Structure formats: C-alpha cells, structure tokens
Amino acid sequence: MNTYFDNAATTKVDDEVLSEMLPYFNILYGNPSSNNTCGRKIRDGLDNSRLEVAKFLNCTPNEIIFTSGATESNNLVLKSCSDICLDDNEEPFHFIFSNIEHKSVLNLKDYLEHKGHEVDLIETLPSGIINLEDLENKIQENTILISCIWINNETGIIQPIEDISLICLSNSINFHVDATQAFGKIPIDLTNIKIDFLSLSAHKLHGPKGIGALYKNKNIDLRCQIIGGSQEEGFRSGTENVSGIIGLGKATEIASEHLIENTRYFERLEKYLFKMLNSYNIDYIVNGDVENKAPWINNIAILNSDAETLVEEMSNYCFSKSSACSKGNYPSHVLQAMSVDDDLIEKSIRLSFSKYTTFEQIDSFCKELSKIVN
Ligand code: PMP
C-alpha cells in the first residue's frame, strides 16, 4: 500500500466508525421515517449522531441538518440566501467571499451574479490570511452574507474567524463558515462566536464519504433546495443516508475524545517534517505563515524540482500538487491569491497528515525526495 499523505483530500475510515456503520446496511435497515419499531430504532441512531455533532459545536441538535457533504452545505446556504431575496421581491443582495474559498463556494459567484446579485472577493495576503481591511472596505448596505473558509484545504492557513464574526455582528451581516478542514480538528464553540451557518464533512475526519452537515442558527431563515418528504425538518428532503450519518456521529465522537492528543501529534509530525527536510538538505519554502497554519496540512515549494515530476516519480507516496478536490484547478487559485510566484507554484506540493501518519513515513519520504532533488 502506498504511503498516504493526502488527508486534506480525504481520510481512511476509522475501523471503529466502519463497525458502527455496518449493521445499518443489513440488520438495522428500516426507514427512519417509518412509524414502526424498525423505523424508531433507526431514528434513535440518527438522533444520537446529531447530538454528537451538536456537542462538538456546542449548539442544539435541531440546528444540525444532515447533507451529502460540505459541497451541498455550501450550496444550500448561498442558494438559500439568493432565494430569500428573490421570493420576497427584494433588491438584489451583495455577497462577500474570500478569494481562497473551496470551489463549492467560489464557483457559486457566477450563479449568484446570474440571479442578479453582486459578489465581491476578499483579497488574501502573502501569509495566506485574508485581508480584513479589504473585507471591511467591501461591505455595502445590502451585504447579506460573508462566507469564509476556516482552515484552507490547500495551505492549512487558519483564518481569523473570530475577527470576521465581530465584523459581521457589528454590520448585521450573516456569516457562513466552511469548516470542512476544521471540524473534528480544532475546538469550535458556537456559543462564543457568532456564526450563522457552518459546513462540515465526515470524510475529512475518518468518516465515510457522501455525508456531511450544515449548522444553521435556529433564528436564521433557510430555504430548502431539495424538495420532497420533508426530512431534516424540511430543510433537506430525501431518505437519510443512515449508515453515513451513523459514521459521521461516530467519527465526531472519536475526534472529540482525542482532539488535544491529535493536535499535539500533528505538531510533532509537522516539526519532524521540517527537521527531516533540513537534515536531507532539501531546499524548500513553506507557502503561507507557519505560525498560523494547521500542522496537519503542509504546502511547500521544493526548490530543485517541479511538483508534476515529484508526484510521478514518487508514486509510492500519495500527495498532491494542488487541491485534489478541484480537478483541473492548476495552477492553484489559492497560491495565486497569495501572490506566490508561478515558478514556485509549479514546485509546490501538499503533504497532509492524519492520526495514522508515522514519523517513519515522513523520514522515508524525505530520504527519497532528497535522492531525486539533490
Ligand atoms: N470545503 C473544503 C474546505 C474542502 O476541503 C472540501 C473537500 N475537499 C469541500 C468543501 C467539499 O467537501 P465534500 O467533499 O464533502 O463535498
């Protein structure tokens, strides 16, 4: 099996998560909407998962809507805001996103503009952190929503979510956070920070693919985008992805129990990576401000190489030269937004770790890398 350094793209499903999910395929297979013993049993399982997700965020379970993942959650928020305006025959709205959002936010710019709204993008500094001054300058009277990624999936740079939330609060603007790379990795307390919508996805925290959630503050309006049997309080119809939801709940529970220990482990792995790159005399530059970076995502330019060749020549290792989620997104819009030179973008790779990553794997990677570049 290849050594896997692509955990920002997706993670291995934890064995415990898988065991928890399995009975829901062929033993507990009732429909949670059925008003019989079988249905009720499943509903209990779903309630438990909802509670786990809510506990992690310190919100109430009825503020959690299960979706097929963060792409859907992001779409739901932005399209809902657009619909509210059009339904109520209001003047078009103004939206603000950062220019380093995941494509599931960024690519909605055209959609919203097509509906008559205006969208402005916040600039990013070379540190990889968004420019708060630019954000404040872009606010208009009709700004309805600001959307910002919490931890960038390409660079790991952590955004000043608390500062942005205060700006939103003082300007009465709704705040949506794409927390896909943050949920299950850093503490999030929604009673301490004003966030109206938050997107998350199970497959980034050793849960299954195709399941995620949207936190929606209970006082905020949301217009459903999938109409049907009124599951998820009518916000997201369709028979629930039961095993997926069970998996998300279990993955959240495990992540929550090991949050501090995992963070410390990631910090040690990150330190070890830099130490090994140095000890094998590999010239590299970290893209973005290391002091504001999640230690499990490392975007580095390897100076005597190009990323394309490395990905090919080091095929025993899975890592990416750009975000795996955005096919054809090369060169990276995130590194471009940070004003990284084209030449360095060509040399940039992303190594993203998980709790299963070992020091030995990092060591052997650096050794092999040194053979190629030196
Ligand atoms: N936002 C971010 C920051 C992501 O990293 C991803 C996944 N790469 C998504 C959204 C999309 O998540 P999903 O795969 O669950 O649709």
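Both ligands and their constituent atoms are indexed starting at 1 by order of listing. Hydrogens, waters and symmetry mates play no part in the numbers below; they use all other heavy atoms, side chains included. Note that this is a predicted model, so its numbers are computed, not measured.
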Contact check: S201 vs ligand 1, nitrogen or oxygen atoms, below 3.5 angstrom: yes

From A8, A70, S199 - option closest to atom 13 (P) of ligand 1 by heavy atom: A70

Ligand 1 versus Q181: contacting region, heavy-atom distance under 4.0 Å: side chain

Proximal atoms of ligand 1 relative to S104 (non-hydrogen, under 4.0 Å): 10 (C)

For ligand 1, the portion of K209 having any non-hydrogen atom under 4.0 Å away: neither

Ligand 1 contact by G212, heavy-atom criterion under 4.0 angstrom: no

Closest contact, heavy atoms only, F93 versus F95: CB-CE1, 3.9 Å

Non-hydrogen atom of E101 closer than 4.0 Å to ligand 1: no

S199 and N74 side chains, donor-acceptor separation under 3.5 Å: yes

Structural part of I151 in contact with ligand 1, heavy atom criterion under 4.0 angstrom: neither

In one Ile/Leu/Val/Met/Phe/Trp/Tyr side-chain cluster, 4.5 Å: L78, F235: yes

Side chains of N298 and Y284, donor plus acceptor under 3.5 Å: no

Parallel, tilted or perpendicular, as decided by the 30° and 60° cut-offs, for the rings of F5 and F365: perpendicular

Ligand-residue contact atoms, ligand 1 with G69, heavy atoms, under 4.0 Å: 15 (O)

Short side-chain donor-acceptor distance under 3.5 Å, K103 and N107: no

Side chain proximity check, K355 to H258, heavy atoms < 4.5 angstrom: no

V373 backbone acceptor or donor facing S305 side chain under 3.5 Å: no

Distance-minimising heavy-atom pair for N153 and A8: O-CB, 3.7 Å

Any K204 heavy atom less than 4.0 Å to ligand 1: yes

N or O contact, D178 vs ligand 1, cut-off under 3.5 Å: yes

Residue portion contacting ligand 1 (non-hydrogen atoms closer than 4.0 Å) for T71: both

For H203, the ligand 1 atoms whose distance to one of its heavy atoms is below 4.0 Å: 13 (P), 14 (O), 15 (O)

